[in-house]
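Here's the structure, in structure tokens; my notes come after.
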Amino acid sequence: MPQTPIMGDGLPQPLLEMLGDQYFVYGWDTSDNSEALARSVGVITYGHPRVDGHLLDRMPNVRVVSNHGVGVDHIDVAAATARGIPVGNTPGCLDKATADMTMALLLASARNVVIGDTFARGPEFTHYDPSILIGHEVSGCTIGIVGMGRIGKQVARRASSFDMPILYHNRRRDEEAEREFGAQYRSLDDLLRESDFVTLNCPLTAETKGLIGRRELELMKPTGTLINMARGPVVVTADLYEVLKAGSIRGAALDVTDPEPLPRDHPLLTLRNLVIAPHLGSASHKTRHRMLTMTVENLAAGLAGLALPYQVHSN
Ligand code: DGY
């Protein structure tokens, strides 16, 4: 049986295994005369590379774009839709894992987990000293959640079990979150002013690109911490560096950066008041397995001309 040609950029091994022998996966080749572009009937992405109308116009046989992940800021969904190409993603399955990671970074920053780990392994740790690395107890601290969607709500659930008063900012008020978690709606500026921990859990869109720059960071409490679980470009990297270096806020914890990854000699990486992770929000075995399954299901449905089980609709 001939293999179905699809295109993907260095797809992870577990995904290749799940695709099996049925598919032939071309690497990401957008050069002139690219065989991959000409022959592929499907595209798999995972947070990158960019898929826009210009690219799709060069792929005459493509019937579906399937993203291994929920964020589709790298895909021009409107352009795909206009060409009759459905776009699939993996919503829902990663909310809890991403909220867990939000809390992990929040706690790691508040309680010096990363600096403590380095210290505990180093030559200077020769006796227990109760005066070092004293952090902030999160109970009773206010969390401000930017983006009260599925992931934001899971963060709220966890924060409320840590006895954290919850503020949120969202495009729309969310009465369910207000009822269930006692979350209080704030304008972005007020949320930044009043929160001890600000977590970004919104998608990257034209409205959220550069949402947090110098002005917004300077509204935060000097004791405040910023956690970015959204996408790197939601925060202006150069402004974050300046504000952290000046100590105008206590710290930041980033699961995502702009660019991602940061160049290895980027000055942000030298700061001790920064905790950073390599985009691990959804990286639990259970969640990643579910994401693989949904990605392959969307691909197969699109190729069969069926409605995608998890389709992204353009706004
Ligand atoms: C997502 O699903 O968008 C996460 O960032 C993992 O890629």
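Everything numeric in this text was worked out from a predicted model, so none of it was measured. Both counts, for ligands and for their atoms, begin at 1 and track the order of listing. Basis for what follows: all heavy atoms, side chains included, without hydrogens, waters or symmetry-related copies.
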Q.
So if I only count non-hydrogen atoms and take anything under 4.0 Å from ligand 1, which residues does that give, chain by chain?
A. Gly69, Val70, Gly71, Leu94, Arg231, His279, Ser282
Q | Option among Asp73, Asp9, Asn67 that satisfies the side chain to side chain donor-acceptor pair (under 3.5 Å) test with His48 | A | Asp9
Under 4.0 Å between a Lys/Arg side-chain N and an Asp/Glu carboxylate O for [X] and [Y]?
X	Y	result
Arg83	Asp57	yes
Asp189	Arg215	yes
Arg121	Asp117	yes

(Q) Is it true that, when you exclude Lys153 itself, more than 12 heavy atoms of the residues, nucleotides or ligands shown sit nearer than 6.0 Å to its NZ? (A) yes
Q | Pairwise distance OG1(Thr142) to CZ(Arg193) - rounded to 0.5 angstrom | A | 15.0 Å
